[in-house]
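Notes follow once the structure below has been shown.
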Amino acid sequence: MKNCKIIILLFLMAIPNLMSAQEKITTENWLSSSGIIGTFILIAIVMIVAIIILFIKLNGYIDTMKRRQLDKNRMAFDDELVAMDGGDIDAILEKRKAALTYKLKGNELSGNHTAIDEKGLIQRVEKDPNNAFFDEKKKTSLSLETPQELKKIVIYYIGAAAFWLVLGTLIGQYLGMKFLWPEMDHQAWLSFGRLRPVHTNMVFWGWSSLAMIGLGYFVIARTSNNKIYNYNWAWTGWALINATVLLGSLCLMAGINNGGGEYREYIWPVMLMFAIGLILTFYNFYKTVATRKISEIYISNWFILASLIWTIVLAIIGYLPFYQDGLGETVIQGYYMHQGVGMWFMTFTLGLVYYYLPSALNKPIYSYSLGVLAFWTQMLFYTMIGTHHFVFSPLPWWLQTIAIVFSAGMVIPVVAGTTNFLMTMKGSWSHISKSYVLPFFLVGTIFYFVGSMQGSVQAFRFTNFVWHFTDFNVAHSHMTMYGIIAFFLWACIYAILPKLTGREPAQVFVGAHFWLAFIGLFAYMMSLMAGGTYKGLSWIDGDPFIESVILMKPYWVWRAVGGSLMFVSHLVFAYNFYYMIKGYTRKPSATQKVEEITV
Amino acid sequence: MLNFHKDHKNLVLTAGGVFIALSILIAIMPAFQMQETQPIPDEQPLTAHEREGLNVYVAENCMACHTQQVRNIEMDNVWGDRPSIPSDYFYSKKRMDFWRQSPSTLGSERTGPDLTNIGKRQPSEDWHLLHLYNPRAVVPESVMPSYPWLFREVDSAFMPKDAKVVAVPKEYFNKPGKKIIASYDALRLVDYLKYLKQTDMPSGDIDDFIPALKKIQAERTEGGGQSLDGAKLYSQVCAACHQDTGQGIVGAFPSLVGSAIVNDENTETLIKIVIQGYNARTDYGVMPPFGDQLTDAEIAAILTHERSSWGNDSEAVTEEDVAKVRQYVEMELNK
């Protein structure tokens with residue numbers, strides 16, 4: 001704790017230096033600018049963690065190889081036996097003959113005798129050990145006692161989310177290919193301009209939001225030791241949000257667009273349904289927490305309740321018309337698009353992680369007070385930084401400066417959150433190779449640090465100079481909405497669904513999902529970051545604009561490759577989801593004993 | 001009193017209240033303040049047609065790839081003569097209708113060029129229509145989508161009255177007896193694009209761009225307009241239609257290579273076309289006038305480049321030649 005505070009203080013002291021370093025803008029030594037170096041370091045962190053995970057996995061594989069080598073040695077020993085002289089061989093053959101005619105009675109290991117393991121040698125009984133390619137993970141045998149209604153709500157929310165994820169990223173993938181083949185189709189409703197907001201809004205409000213709320217229902221009920229206040233409202237919310245995404249997408253494809261401001265392309269009657277859905281959800285959560293059976297409000301509920309109320313306020317401010325003429329609209333746009341990410345997705349997901357991460361590790365969160373610090377600083381700092389999307393724009397310079405200063409201040413909640421999660425995982429690192437849930441949490445945590453910090457340094461004036469308007473922004477938004485939010489959500493889903501339904505997904509497929517998504521994301525963001533940087537430098541050098549289009553082409557190819565891997569991973573995820581929920585109602589797990597287990 | 005750990009009401013009220021207070025401070029108040037902006041004296045409001053064009057622009061979500069803000073940094077000086085200021089958006093950024101809000105034209109990504117000054121940079125309606133019908137017909141490397149649904153294919157025999165025929169080169173449309181005509185929406189969209197021009201500041205003094213590269217700046221101050229680069233000017237102003245190779249696009253924009261007018265010993269017609277525009281040949285698009293946009297020296301530099309490139313080998317055009325023709329043209333106009 002004390003160490004953390006010191007680190008945070010040091011960061012704060014360093015901020016003014018970082019800021020003042022931005023005054024003189026020259027590209028001569030752009031590589032040594034603090035923002036660029038910061039980004040390099042942050043990306044290196046992801047690389048290193050990926051390599052560590054890979055090494056842990058490789059180590060497991062090498063162990064298996066070693067075991068095989070031992071087996072081989074034993075075979076060599078057998079060969080030696082064969083090379084022995086006639087008399088000995090005859091004797092052995094006699095024995096062998098007797099052994100061949102020996103028959104088991106069939107009750108040696110079972111029958112009337114109970115298996116005895118006095119010395120506790122048996123650690124794991126594996127019924128199907130013939131999986132030659134992958135390391136076996138521990139299985140979750142915990143089955144949580146959950147009301148059938150709540151189970152159904154969680155499953156339906158996640159199910160709808162999975163559907164929008166697959167459809168939304170299919171559209172994203174299609175859009176990515178349009179950069180390479182702009183003549184792919186000639187349908188108005190499939191054109192790039194119309195489809196781009198369909199993709200972003202679908203994965204925002206369809207996938208992430210529905211998955212978050214579904215997982216949130218479980219957290220709220222569980223940590224309040226209470227039943228959900230009103231199940232019907234949960235269903236109404238589900239229907240409203242799904243209807244929002246469906247109608248909103250159709251409107252956009254038909255060319256009915258609110259004004260093209262990012263993430264508020266749905267016209268207000270459509271978005272109103274989403275807002276009502278959120279208000280219902282908030283009231284439902286609030287009432288459940290208010291009638292909780294324990295005195296403390298768990299930190300997860302702070303984040304979840306606050307994110308709902310913040311987002312309701314945000315949607316209202318974003319759509320009210322009174323102050324949105326001229327550049328008033330632009331001020332609100334910066335505020336809205338940034339808070340949509342920060343106050344809704346990030347805050348809610350952090351709340352989920354504060355519950356699911358400790359519960360997956362079966363230990364308490366490292367520091368409750370760090371969580372509280374992260375909560376209040378999230379509110380204070382995140383709210384102020386929307387205008388960093390409009391640096392150098394005609395918006396007031398002071399507004400831009402506030403946004404940049406508070407972007408740097410985001411170090412505090414981010415470092416607090418990251419420290420908390422990593423310290424909670426500390427001591428359980430060995431579980432990473434044994435669990436299929438933890439790698440998702442670890443990658444989410446690392447991206448939480450890297451993606452958020454990269455966003456902060458990108459707000460600096462120099463980095464903005466190079467990267468603003470380029471594909472670098474697209475890389476950043478995927479690094480955060482995908483690397484942080486989607487990975488955390490998958491971690492939570494894989495952590496909770498098997499416990500609710502009693503059915504585990506095939507580990508091979510969870511592994512395939514993880515690696516396809518991770519490698520895909522890495523290819524996606526690295527190519528766009530590199531391409532975006534070259535694009536920005538080409539603009540600074542005053543090259544003709546079309547040069548920057550031509551130079552992006554190879555990077556767009558790699559983006560499409562990365563995007564394809566990500567999309568395939570979502571198909572695998574959808575299959576895993578289907579497998580986990582298939583026939584879950586037939587096995588009423590309420591009768592099973594509740595056990596404690598480490599996953 | 002404020003025990004957030006146990007008192008859910010306080011927790012939610014505080015989180016909500018502080019957030020609302022901060023939001024008013026950082027978003028609503030500045031937004032109201034920005035709304036107070038007045039237009040620049042010479043700024044033109046959108047006509048009904050141009051406003052309809054803006055609606056098409058929003059429906060097709062052009063702002064996904066095109067920005068409309070000239071930032072106050074030097075690399076943006078190719079997109080406008082001065083950095084954008086809040087007044088520039090006075091007329092265009094108003095609530096569209098009951099259902100749709102004020103359009104977010106500033107944009108956040110520049111996959112395509114900035115459009116703040118596109119009406120000045122590219123005043124030709126024919127170029128815009130062909131570019132919308134198929135961007136690759138005029139810019140081969142473009143990744144912009146085509147918008148064929150803004151155009152109609154009609155039989156030449158049953159051409160509607162006052163239809164605007166788009167001169168599409170054969171490679172992109174080749175059906176005997178058929179023509180491509182622009183739809184109402186396409187024409188309105190082009191009206192809007194042509195409206196997009198930076199208004200001159202009344203006093204003439206403008207905010208400077210924050211310089212990016214000392215190198216470029218030094219060149220600017222040293223060069224000081226002494227020797228204009230005709231090739232560069234040509235590629236900025238003319239190449240969109242006549243292409244960098246000078247060969248134009250068959251069926252849309254005439255070739256300058258070996259052209260009788262371009263290589264004529266008497267440069268009067270050539271200079272006149274550039275100053276006044278040209279609309280005498282039905283087999284090609286209309287050439288817009290550039291007299292207001294280019295100085296005499298710039299026109300001379302461009303024409304000298306044209307007359308000495310791609311195999312053309314004619315004498316240079318001087319600033320005086322251009323000045324003479326300009327005087328003559330103005331006299332004719334005032335008659």
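Here the structure is a predicted model, which is why all the values come from computation and not from measurement. A note on names: the letters A, B, ... follow the listed sequences, proteins ahead of strands, and every chain is numbered from 1. Any value given below was found using the heavy atoms of this structure, including those in side chains, with hydrogens, waters and symmetry copies removed.
With a 4.5 angstrom heavy-atom cutoff, A/Trp376 touches chain B only via side-chain atoms. Using a 4.5 Å cut-off between heavy atoms, A/Leu327 contacts chain B through both its backbone and its side chain. Proximity to chain A is limited to the side chain of B/Pro148, based on heavy atoms less than 4.5 angstrom apart. Proximity to chain B is limited to the backbone of A/Gln187, based on heavy atoms less than 4.5 angstrom apart. Contact annotation for A/Ile309: only side-chain heavy atoms (C-beta onward) come within less than 4.5 Å of a heavy atom of chain B. Only the side chain of A/Trp397 comes within less than 4.5 Å of a heavy atom in chain B; its backbone stays farther off. Proximity to chain B (any heavy atom under 4.5 Å) is restricted, for A/Trp398, to the side chain, taken from C-beta onward. Contact annotation for B/Asn134: only side-chain heavy atoms (C-beta onward) come within less than 4.5 Å of a heavy atom of chain A. Contact of A/Asn258 with chain B is made through backbone and side chain together, with heavy-atom distances under 4.5 Å. At a 4.5 Å heavy-atom cutoff, B/Ser87 makes no contact with chain A through either its backbone or its side chain. For B/Glu36, no part sits under 4.5 Å from any heavy atom of chain A, backbone or side chain.
A donor-acceptor pair shorter than 3.5 Å cannot be found between the side chains of B/Glu60 and A/Asn257.
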Side chain to side chain donor-acceptor pair (under 3.5 Å) assessment of B/Ser104 paired with A/Glu262:
CA-CA 8 Å; B/Ser104 293; A/Glu262 273 169 298; over 6 Å; no
